[in-house]
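This report refers to the structure that appears directly beneath it.
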Amino acid sequence: MARSAGDDWDIVTSVGYTALAVCAARALDAALDPPLANDEFAAGFVAAAGEPNLAAAVTNTDLSSAAAFNAQWVGVRTRFFDDFFTDAGAPQAVILAAGLDCRAYRLAWPAGSTVFEVDQPRVIEFKHRVLEQRGAVPTTGRVAIAVDLREDWAAALSAAGFDPGQPTAWALEGLLPYLPGAAQDALFEKLHELSAIGSHIAAELGPDPGELKEWADSFPTIDQLSTQPPIAELWYDDPRVDTKDWLGQRGWSVTGVDLVAKAANDYGRPLEGLPPAFDRLMRAKFFTATRTH
Ligand SMILES: C[S@@+](CC[C@H](N)C(=O)[O-])C[C@H]1O[C@@H](n2cnc3c(N)ncnc32)[C@H](O)[C@@H]1O
């Protein structure tokens with residue numbers, strides 16, 4: 001395990017690299033028909049980071065490459081979370097582990113709303129620098145919070161102006177496998193405490209104990225570019241509570257989302273020929289929840 005308690009990273013190392021890799025996938029999604037991510041900022045981040053393998057990957061037109069495979073499924077995931085925020089219409093949104101997510105610049109948000117983006121300090125610094133150089137202007141209020149999600153992120157969020165009295169739309173996209181079980185459980189306790197009635201969650205769960213090896217083995221690799229993050233070294237699959245049940249017992253109405261079906265039926269992008277573990281990821285690991293009481 002290459003991870004340790006309190007480890008940190010920049011945008012080209014360890015878990016930080018995964019933010020850049022999904023960003024590269026969103027850049028490549030633009031070449032697919034139909035594109036789903038519509039992220040005009042993604043290619044600029046990859047160029048600015050200067051990581052040679054991903055820089056080469058985003059110019060690679062070989063649609064059988066691992067990078068293009070990632071573009072297929074990451075585009076679907078991006079669209080799902082985009083639609084979640086648009087449909088939620090909440091006065092505040094919190095993107096936990098935002099990475100290079102530019103929804104605060106890409107989406108149409110309700111007037112007067114605020115998007116809080118939480119991630120590690122060096123990831124946020126890089127993102128800020130690139131967006132500032134570009135002169136990018138957010139489409140809503142945006143507050144970036146540099147804190148580790150294994151620490152007291154809720155205090156940092158409150159100190160940054162988050163209002164627990166208002167409904168919130170929370171996104172946990174590509175985050176939970178990077179947290180040890182205890183940190184994931186603590187995170188949902190805090191999230192629940194901070195959620196007014198009418199709040200929404202969209203989340204992607206990590207592997208159940210024992211699933212990690214099969215998942216890692218099923219992620220394709222391309223030798224000449226090696227763009228795939230080493231998830232076997234970066235993810236945790238230690239036990240944690242059943243998040244969907246836990247939320248269901250606390251006043252949340254929880255709905256599982258089959259992203260393979262959604263991709264084919266709603267997004268015009270059938271995800272055919274997925275490796276079995278990957279198929280399960282897309283079908284069984286995503287859910288939305290709304291706090292009803
Ligand atoms: C796979 S990327 C996903 C980024 C973004 N959600 C997206 O889909 O583009 C994982 C992100 O989780 C962040 N992350 C993971 N563990 C974290 C922690 N303990 N504290 C803060 N950020 C964390 C990383 O810095 C990285 O930006």
Side-chain angles (χ1 to χ4, degrees), residues 2-29 36-39 41-43 45-46 49 51 54 70-71 73-82 84-85 93-107 115-128 130 144-154 156-157 169-187 190-191 201-207 215 219 227-231 233-236 259 281 285-286:
R3 301 291 312 280
S4 58
D7 55 348
D8 63 356
W9 44 79
D10 60 20
I11 199 65
V12 293
T13 57
S14 182
V15 185
Y17 176 84
T18 72
L20 194 62
V22 287
C23 184
R26 287 195 291 270
L28 277 164
D29 170 273
L36 297 179
N38 299 316
D39 187 345
F41 302 94
F45 284 123
V46 178
E51 199 289 319
L54 288 175
N70 285 343
W73 73 268
V74 169
V76 168
R77 183 176 81 169
T78 303
R79 173 65 181 278
F80 165 66
F81 281 92
D82 282 1
F84 161 74
F85 281 120
V94 181
I95 305 177
L96 294 172
L100 303 176
D101 176 328
C102 282
R103 292 193 172 92
Y105 298 79
R106 296 194 293 108
L107 301 184
V115 175
F116 297 91
E117 298 179 4
V118 183
D119 210 297
Q120 281 217 352
R122 287 187 284 162
V123 172
I124 286 186
E125 273 163 31
F126 170 77
K127 182 176 184 175
H128 180 74
V130 175
I145 302 164
V147 68
D148 193 292
L149 288 161
R150 294 161 293 186
E151 293 172 5
D152 193 356
W153 58 271
L157 185 61
W170 302 89
L172 301 88
E173 178 188 24
L175 164 63
L176 296 175
Y178 300 99
L179 296 179
Q184 173 173 325
D185 296 347
L187 179 141
K190 284 289 172 201
L191 183 158
I201 300 171
E204 174 187 5
L205 297 167
W215 284 24
F219 273 57
T227 54
Q228 203 68 31
I231 63 165
E233 293 170 26
L234 300 177
W235 284 11
Y236 292 90
L259 275 188
L281 163 76
K285 299 292 181 180
F286 291 82

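In listed order, ligands and their atoms are each counted from 1.
- Of the options Leu149, Leu172, Leu234, Asp101, the smallest heavy-atom separation from atom 18 (C) of ligand 1 is shown by Leu149.
- Ligand 1 lies out of reach of Gly16, whose nearest heavy atom is not under 4.0 Å from it.
- Which parts of ligand 1 touch Ala98 is read off a 4.0 Å heavy-atom cut-off, strictly below it: atoms 4 (C), 5 (C), 6 (N).
- Within the 4.5 Å cutoff, no side-chain heavy atoms of Glu51 are placed close to those of Val46.
- Ligand-side atoms of ligand 1 in range of Val15: 15 (C), 24 (C), range being under 4.0 angstrom from any heavy atom.
- Residues Arg122 and Lys127 are not in side-chain contact: their nearest non-hydrogen atoms beyond the backbone lie 4.5 Å or more apart.
- Looking only at distances, a side-chain donor or acceptor of Asp119 sits under 3.5 Å from a matching main-chain atom of Gly99.
- Residues Trp235 and Tyr178 have side chains that bring a donor and an acceptor to within less than 3.5 angstrom of each other.
- In the vicinity of Val22, heavy-atom distances shorter than 4.0 Å reach the ligand 1 atoms 7 (C), 9 (O).
- Ranking protein heavy atoms by distance to atom 22 (N) of ligand 1, first place goes to Asp119 OD1, 3.4 Å.
- If you number the atoms of ligand 1 from 1 as listed, the ones under 4.0 Å from a heavy atom of Trp9 come out as 14 (N), 15 (C), 16 (N), 17 (C), 23 (C), 24 (C), 25 (O).
- The backbone N or O of Ala183 lies less than 3.5 Å from no partner atom in the side chain of Arg150, so there is not a single donor-acceptor pair.
- The nearest protein atom to atom 7 (C) of ligand 1, hydrogens excluded, is given as Arg26 NH1, 3.7 Å; this is a heavy-atom distance.
- Residue contacts with ligand 1 include Val147, since one of its heavy atoms falls under 4.0 Å from the ligand.
- Remark: the backbone N or O of Ala2 is not paired with any side-chain donor or acceptor of Glu233 at under 3.5 angstrom.
- Taking every non-hydrogen atom of Val123 and a distance limit under 4.0 Å, the qualifying atoms of ligand 1 come out as 25 (O).
- A distance-only check finds no donor-acceptor pair linking the side chain of Gln120 to the backbone of Ala146 [under 3.5 Å].
- Taking every heavy atom of Gly99 and a limit of under 4.0 angstrom, the matching atoms of ligand 1 come to 4 (C), 27 (O).
- Leu175 has its side chain within reach of Leu179: a pair of non-hydrogen atoms, C-beta onward, lies under 4.5 Å apart.
- Listed for the Asp39 side chain is no donor-acceptor partner under 3.5 Å among the backbone atoms of Arg26.
- At a threshold of 4.5 Å between non-hydrogen side-chain atoms, the residues Glu117 and Ile145 do not count as touching.
- Not a single heavy atom of Glu151 sits under 4.0 Å from any atom of ligand 1.
- Residue, atom and distance of the protein heavy atom nearest to atom 1 (C) of ligand 1 are Thr18 OG1, 3.1 Å.
- A salt bridge links Arg106 with Asp82: the closest approach of a Lys/Arg side-chain nitrogen to an acidic carboxylate oxygen falls below 4.0 angstrom.
- Of the candidates Ala97, Cys23, Ala21, Gly174, Ala97 brings a heavy atom nearest to atom 6 (N) of ligand 1.
- Residue Gln120 has at least one heavy-atom neighbour below 4.0 Å for each of these atoms of ligand 1: 20 (N), 21 (C), 22 (N).
- Of all protein heavy atoms, the one lying nearest to atom 19 (N) of ligand 1 is Asp148 OD1, 3.0 Å.
- Heavy-atom contacts of Arg77 reach the following atoms of ligand 1: 8 (O) (cutoff under 4.0 Å).
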